[in-house]
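Note sheet for the following structure.
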Amino acid sequence: MATSPLRVGIVGAGSSGVYLAHLLSRFNVDITLFERSSYPRAEGCGILLVSSGMEALFEGDAGLCSAIVDSGAIARTYEFRNMRDRLVNSHVAEYEGDEQPSVLVHRGKILDALLDRLNPSCLQANAKLVNTTQTDADITAHFADGSTWTGDVLVGADGIFSTVREAVVPNVRPRYLGDVVWRGIVPDTEFCRDGNFIVYMRSRGVYANFFDLGGGYTHWGFFIEKEQTGDDRARSTPQDVSMPAEELAKIPDAPRTIIEGTNPADIKCRFSYDLDMLPCIRNGRIILIGDAAHAKSPTRARGMTSGLEDALSLSRYIAESTPDAIQQSLADFQSERLPINHEYQRSSREISRKVGRKRPLPGAAMATKTAISRSME
């Protein structure tokens, strides 16, 4: 007698949630992907998807990995410049053998490539999760429109402000990292090209970065340390999103022109947050992946990468499980991924402390290895 397919609900149609749904579609799994918006959308602008993130894609779907390489630019050169536009240090990226390259790419291109491979019938939009209930036999998700879903596993892939997380570790609040970040994408064929990544720094921190996205476009990030006060506390976006002119004026002419040439409507502004390390990412039939489980400072460029690694690993545990054994499979996944992601969180926060403008930067060689990725995600 054939085993009934596992019923898996995934909350959040970002990169990790869609990738998990895509991988599980190859197995005997009944998948439903819930998205609170009318259609999945990519937050932010460009990203450095490091080699390990590309490897997580290659292991799950080599064609998907190739599509993302073709959508962006392979990272070739990292440059550290001071505020007089003088080169302080540089590093040429080298890739060995079959190693997957780090790729500079628009977040939207990644999500589009994932959605192209997703069976659209499994996606339910406008699905705002309210709460969950579970028994020894199953779990039920309750949505704002009064509908419900019942299955064997519920995956929280709904980001740093996760609703699912409340059922795993209640009352967790994101931790403000102390800076406001503006990002944009502009047409550019002169300033930043050929897989180049440029960081502008002062003696007490990084102010801006610029990197080639391929296809004649450049991503930029500009960020300022700022106290969070009043109604801005716990918000994802400041009420005042204007860039301080006196801070922007500190950047050299060429990169400042790139920023000033961006259509204001296309500029994204966000506060930076991470999460404290969670003691667990599982409660019975609920499991967390991606930023819902371990949002972190972007200083190691492991945000999206760790979510993709989560999705690849969890897909294997689920694919090899049965309805009777699924809770043990989720426990095994937690045992594997929790220490890995704790290390990502710990080291990312430590590097944030070292490269923040309120503290002296480490030497240029260390800075090249650690601070180039600040605000890349």
Side-chain angles (χ1 to χ4, degrees), residues 1-36 40 56-57 59-61 64 114-158 162-168 280-290 292-293 307-338:
M1 181 176 179
T3 303
S4 298
L6 277 164
R7 300 162 296 168
V8 177
I10 304 168
V11 179
S15 57
S16 57
V18 178
Y19 189 39
L20 176 61
H22 166 56
L23 294 174
L24 289 177
S25 68
R26 302 178 173 187
F27 302 102
N28 183 32
V29 180
D30 180 357
I31 310 154
T32 308
L33 176 63
F34 300 101
E35 168 57 38
R36 65 180 297 165
L57 290 171
E59 288 186 30
D61 184 337
L64 174 61
L114 288 164
L115 290 169
D116 283 347
R117 287 159 172 78
L118 182 72
N119 183 342
S121 66
C122 77
L123 177 63
Q124 288 193 18
N126 299 308
K128 181 180 179 181
L129 182 73
V130 176
N131 56 42
T132 62
T133 54
Q134 61 175 311
T135 67
D136 291 340
D138 55 35
I139 181 164
T140 299
H142 304 263
F143 296 92
D145 63 1
S147 64
T148 61
W149 170 91
T150 298
D152 298 294
V153 179
L154 187 70
V155 181
D158 50 341
S162 171
T163 301
V164 180
R165 186 173 61 236
E166 192 67 17
V168 179
C280 61
I281 54 173
R282 169 189 171 254
N283 177 11
R285 296 174 177 274
I286 303 174
I287 194 78
L288 303 175
I289 66 172
L308 297 173
E309 290 174 343
D310 285 348
L312 179 65
S313 175
L314 183 57
S315 71
R316 292 169 172 169
Y317 279 104
I318 291 176
E320 295 171 0
S321 190
T322 64
D324 290 340
I326 190 60
Q327 293 202 57
Q328 182 59 53
S329 297
L330 298 182
D332 292 343
F333 167 80
Q334 175 178 255
S335 296
E336 175 193 320
R337 292 299 301 172
L338 198 63

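- Counting only distance, with no hydrogens or angles, the side chain of Asn131 and the backbone of His142 share no donor-acceptor pair below 3.5 Å.
- The closest side-chain donor-acceptor pair between Thr322 and Asp324, if any, does not fall under 3.5 angstrom.
- A salt bridge links Arg7 with Asp152: at least one charged nitrogen is closer than 4.0 Å to a carboxylate oxygen.
- Judged purely by distance below 3.5 Å, without hydrogens or angles, the side chains of Thr140 and Thr148 never pair a donor atom with an acceptor atom.
- Between Arg36 and Leu129, the closest side-chain pair of non-hydrogen atoms is not below 4.5 Å.
- Ring geometry, Phe34 versus Trp149: the interplanar angle exceeds 60°, so the pair is classed perpendicular (tilted spans 30 to 60°).
- Side-chain contact between Leu314 and Leu330: present, with at least one pair of heavy atoms (C-beta onward) separated by less than 4.5 Å.
- With salt bridges taken as basic N to acidic carboxylate O contacts below 4.0 Å, one links Arg26 and Asp61.
- Side-chain polar atoms of Ser313 and Asp310 form no donor-acceptor pair below 3.5 angstrom.
- By the salt bridge (charged side-chain N to carboxylate O under 4.0 Å, His left out) test, Glu320 is found to be paired with no residue, residues two or more places apart in sequence or in another chain being considered.
- With a 4.5 Å cut-off on side-chain heavy atoms, Thr132 and Leu154 count as touching.
- With respect to Arg316 and Glu336, no salt bridge is recorded, no charged nitrogen being found less than 4.0 Å from a carboxylate O.
- Side-chain contact annotation: Gln328 with Asp332, donor-acceptor N/O pair under 3.5 Å present.
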